[in-house]
There are 2 protein chains.
Amino acid sequence: MSRRSISTMADVARACGVSIQTVSAVVNDRPGISDETRLRVRAAMSELDYQPNQQARTLRGYKNPMVGVIIPSITNPYFPELVRGIEDVARRSGHGLFLCNDDYDDAKAREYFSFIRANNASGLIASPGLVARSVDGEIERQIHAFARRNVPVVFFGEQRPELPVTSIVVDAREATLDAARHLLELGHRRIGMIAPPVGLHVARERVRDVTEAFAALGHPLDSELIVAGGFDIEAGRSGAAVFMALPQMPTAILASNDLAAMGAIAALQEGGLLVPRDVSVLGFDDIPFAKVFQPSITTVAQPIYELGEAAMTAILDPAVGDPTDMPGRSIWLKAELVVRQSTGPCRERPATKRKTARSQNAPREERHDHEDHET
Amino acid sequence: MSRRSISTMADVARACGVSIQTVSAVVNDRPGISDETRLRVRAAMSELDYQPNQQARTLRGYKNPMVGVIIPSITNPYFPELVRGIEDVARRSGHGLFLCNDDYDDAKAREYFSFIRANNASGLIASPGLVARSVDGEIERQIHAFARRNVPVVFFGEQRPELPVTSIVVDAREATLDAARHLLELGHRRIGMIAPPVGLHVARERVRDVTEAFAALGHPLDSELIVAGGFDIEAGRSGAAVFMALPQMPTAILASNDLAAMGAIAALQEGGLLVPRDVSVLGFDDIPFAKVFQPSITTVAQPIYELGEAAMTAILDPAVGDPTDMPGRSIWLKAELVVRQSTGPCRERPATKRKTARSQNAPREERHDHEDHET
DNA sequence: AACGTTCATGTTAAGGTTCACATGAACGTT
DNA sequence: AACGTTCATGTGAACCTTAACATGAACGTT
């Protein structure tokens, strides 16, 4: 009844008096069909609202033109930007996206892995830190299952040379060094850090980059001033609260990412401190909002959109799915420091909570950053 | 070769010495299988990394447990929040999301409609304004095609009683009236509006709500002060620029949405004006960032997450897909005014561009708004 | 010994599309 | 008249899962 009402190739064939094979040939633009027949078939197709059945096609042996994307949090603007990069490339090759949000939750991620595999996706792009989080090797098994089918798998962030995956990695060491130098040149010495969530690969890497940078410049970070945190606004708020409760506040704060930086700035201003007058705050990632936030945020910028593009491009690269390509490749992109308004010169002994002018009139930004990737 | 390496029911059956039917029964939790066999089959399944082939299942007659979602812009934080609401409900019923981003582009939307239909999705949730934009009736045809298959279609924003769709609609009239009253009570009389993009249903509705509200309160808007705009940060920036170029600036600005409000505030502050001291700015939607932005944004809040939940719940409602339910139903939710820091008392003749204190220490917010919907 | 129940098997078919291959008609060229 | 080319048809099978139905073995109960 309900199924009856959907039209199939057979219906189209009957409607215009040709064979099913002919319809198939027209649908797939195969040669050997006269223009006249081709037009007749096309007319019947649109007449009947015919839509090739993707299930039947995929079953027959084609790949499902669909790529699974697992991200940890869709409300963190980092990921929409990433997805946009992925999608813009995917659309050009006729691929759809199967988007999954695991909320940093392993159980959900596993579920989505199965789901994507069950749907015979042509590729899988997975969120940073996912493999690292996997304790029981389940994710690794899933990855091998994908590889066995020649389905390419791309990860962000972590290199896993022993797995048949391609990694898209950001090298933030130089940019982090620039950031450290920037703060030191502004005169900051008591520098706090709101750490990323524990357990994530990016997290360890970010903390490592920062501590190495300050150590290299001869001003190692005071480990007392590294507070536990997370990747959201709330983490920034509570981190800032911790610092404000100290007898001597840091004069500059490195937030785990831009969201945390925003949370920290909000909390500081609510506490009567001005950024950057009283405290400088530096973020990571350069999400689209970092630029409009007041004050705009100085940040170690990732080429987020390009990361997405690179991931999807890797999926389309025939070499990627080939399991003989076993040892995982890595594609490197570089982070860059973008100096904006949230960092400024150190004023040792921050003034008492008197509120005076902020001097943030002209937009100042020291790098032309890449935010114009419309297709 | 590559296909050979994927395991099927037959492989599982062979591996544990039962018939294919038995494996099928185990997979689908059908009765009539002894516990002992059940366990043996399950063991073989995980041994072989077996994954039921969703294509074959769907082809056999089941629905694909997947819902297509078409949104106009994933980088507008409104939509990730909406998607989160959709996804949280979808996951509970074992549905995946097929997320598509049409960038307000009809051609892309149509493409995605076909894609979703070709994949036999169990439902379609489509972006606001989509039907209204369709000029050639193509979208309408697609909708009927979905209905013919009993696939439920849900729209945001616009009611189309003649189409077999369910609409999720926000009634913002009361809240907009509250907003107008709020601005008038603060003493504002010269009020500007940065309009939403033309052609969108929500856009017309929003402009209508605003003009009706001010008219009802006896202070009709000056149509000279309604400038063309859009739904992004840039629209806010350029709108503010237009107002700043006027001999007499408005003392309050209604932005098309929160993004535009942020852009406007950024442009105003760069131009040396303080918000809300010199100009009040009011947004729409209450995206998650409206709360952390500095100053936090007074806005006509939509229950975004709940809209997503309602949409997916409607998809799961068996009545929705039933074409006998032809005349489209509507589900109404209400908007609410949230007063934050970006609006303040009018100071006729905004001061010259001297910058003095801002008084934004304590967070003030007059409604407890709904931002805690974690599952 | 007869009976009913439980568990598993085997057979056959269907779902929509694609592919390989053999067949054949229509046409123009030699 | 023979030949090659182009376009279309027909047959049969494959992809994997599910369903309906008949069959049958093992078991315990009467």
Side-chain angles (χ1 to χ4, degrees), chain A residues 1-42 44-45 48-65 117-121 149-150, chain B residues 1-42 44-45 48-65 114 117-121 145 149-150:
Chain A
M1 177 40 155
S2 78
R3 297 203 62 78
R4 286 294 114 241
S5 52
I6 109 170
S7 40
T8 71
M9 275 198 173
D11 297 328
V12 176
R14 207 175 314 115
C16 61
V18 301
S19 66
I20 293 185
Q21 293 80 341
T22 306
V23 179
S24 175
V26 171
V27 168
N28 296 288
D29 277 324
R30 277 198 299 266
I33 304 291
S34 66
D35 285 352
E36 190 258 328
T37 312
R38 206 174 280 279
L39 289 176
R40 211 151 40 97
V41 172
R42 289 245 172 77
M45 277 167 53
L48 295 177
D49 256 333
Y50 170 74
Q51 226 7 92
N53 183 318
Q54 190 55 50
Q55 268 63 39
R57 285 185 151 178
T58 306
L59 183 58
R60 183 59 181 78
Y62 281 138
K63 284 222 170 138
N64 204 350
R117 190 142 75 85
N119 277 280
N120 294 311
R149 294 201 201 188
N150 282 348
Chain B
M1 179 35 152
S2 77
R3 299 202 60 78
R4 287 293 115 242
S5 53
I6 111 171
S7 41
T8 70
M9 275 197 175
D11 298 328
V12 176
R14 208 176 313 115
C16 61
V18 300
S19 67
I20 294 185
Q21 295 80 337
T22 307
V23 179
S24 175
V26 171
V27 167
N28 295 288
D29 278 324
R30 278 198 299 267
I33 305 291
S34 65
D35 287 352
E36 190 257 327
T37 312
R38 205 174 282 277
L39 289 177
R40 209 150 42 97
V41 172
R42 289 243 173 78
M45 277 167 53
L48 295 176
D49 258 332
Y50 171 74
Q51 217 21 83
N53 183 319
Q54 190 56 50
Q55 267 62 38
R57 284 184 152 179
T58 305
L59 183 58
R60 184 62 180 77
Y62 282 133
K63 283 220 169 139
N64 204 350
S114 297
R117 189 142 75 86
N119 277 280
N120 292 312
R149 295 202 200 188
N150 283 348

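In what follows, chains are A, B, ... by sequence order, proteins preceding strands, each numbered from 1.
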**Report entry** Length of the CG-C1' vector between A:Asn53 and C:dA14, whole Å
**Finding:** 13 Å
Report task. Return the nearest nucleotide to the side chain of A:Ser19; candidates are D:dT9, C:dG16, C:dT9. Result -> D:dT9
Report summary line: Applying side chain to side chain contact (heavy atoms under 4.5 Å, CB included) to A:Arg38 and not counting sequence neighbours gives A:Val26, A:Asp29, A:Ile33, A:Asp35, A:Arg42
**Report entry** Qualifying residues under side chain to side chain contact (heavy atoms under 4.5 Å, CB included), relative to A:Gln51, sequence neighbours excluded
**Finding:** B:Ser114, B:Arg117, B:Ala118, B:Arg149
Query raised in the report: How does DNA chain C look in dot-bracket form if you count Watson-Crick and G-U pairs under 3.5 Å, write [ ] for pairs that cross, and put | where a base pairs with another strand?
Result: ||||||||||||||||||||||||||||||
Report task. Check the distance between D:dT17's P and B:Met45's CE and give it to me in whole angstrom. Result -> 10 Å
Report task. Apply side chain to side chain donor-acceptor pair (under 3.5 Å) to A:Ser34 and list each qualifying residue two or more places apart in sequence or on a separate chain. Result -> A:Thr37
**Report entry** Residue whose closest nucleotide on DNA chain C lies nearer the 5' end, B:Ala56 versus B:Ser34
**Finding:** B:Ser34
Requested in this report: Please list, chain by chain and in numerical order, all residues satisfying salt bridge (charged side-chain N to carboxylate O under 4.0 Å, His left out) with B:Arg57, sequence neighbours excluded.
Outcome: none
Report task. Specify the separation, in whole Å, of atom CG of A:Leu59 and atom P of C:dG16. Result -> 12 Å
Report task. Would you kindly give the CG-to-P distance between A:Asp29 and C:dT17, to the nearest whole Å? Result -> 16 Å
**Report entry** Phosphate OP1/OP2 of D:dC15: any A:Thr58 side-chain N/O under 4.0 Å
**Finding:** no
Report task. Send over the distance from B:Asp11 CG to D:dC15 P, rounded to a whole Å. Result -> 11 Å
Report summary line: Residue pairs meeting salt bridge (Lys or Arg N to Asp or Glu O under 4.0 Å), one or both in residues 15-25 of chain A, sequence neighbours left out, come to none
Query raised in the report: CD of B:Gln51 versus P of D:dT17: gap in Å, rounded?
Result: 10 Å
Report summary line: Smallest heavy-atom separation, B:Gln55 atom then A:Asn64 atom, equals NE2-ND2, 3.1 Å
Check nucleotides 18-28 of chain D for protein N or O atoms closer than 3.5 Å to its own N or O atoms and list the pairs.
residue, atom, partner, partner atom, Å
D:dT18, OP1, B:Asn28, OD1, 3.4
D:dT18, OP1, B:Asn28, ND2, 3.3
D:dT18, OP1, B:Arg57, NE, 2.7
D:dT18, OP1, B:Arg57, NH2, 3.4
D:dT18, OP2, B:Ser24, OG, 3.1
D:dT18, OP2, B:Asn28, ND2, 3.3
D:dT18, O2, B:Arg60, NE, 2.6
D:dT18, O2, B:Arg60, NH2, 2.8
D:dA19, OP1, B:Tyr62, OH, 2.7
D:dA19, OP2, B:Arg30, NH1, 2.7
D:dA19, O4', B:Arg60, NH2, 3.0

Query raised in the report: According to a strict under-4.0 Å criterion, is A:Thr22 in side-chain N/O contact with OP1 or OP2 of D:dT9?
Result: yes
Query - Spacing of B:Arg60 atom CZ and B:Asn53 atom CG [to the nearest 0.5 Å] - result: 14.0 Å
Query - Contact summary for B:Ser24 and B:Met9, nearest pair of heavy atoms - result: CA-CE, 3.4 Å
Query raised in the report: Between atom CZ in A:Arg14 and atom P in D:dT9, what is the gap in whole Å?
Result: 14 Å
**Report entry** Qualifying residues under side chain to side chain contact (heavy atoms under 4.5 Å, CB included), relative to A:Leu48, sequence neighbours excluded
**Finding:** A:Ser7, A:Asp11, A:Val12, A:Ala15
Report task. Specify the separation, in whole Å, of atom CG of A:Asn119 and atom P of D:dT17. Result -> 13 Å
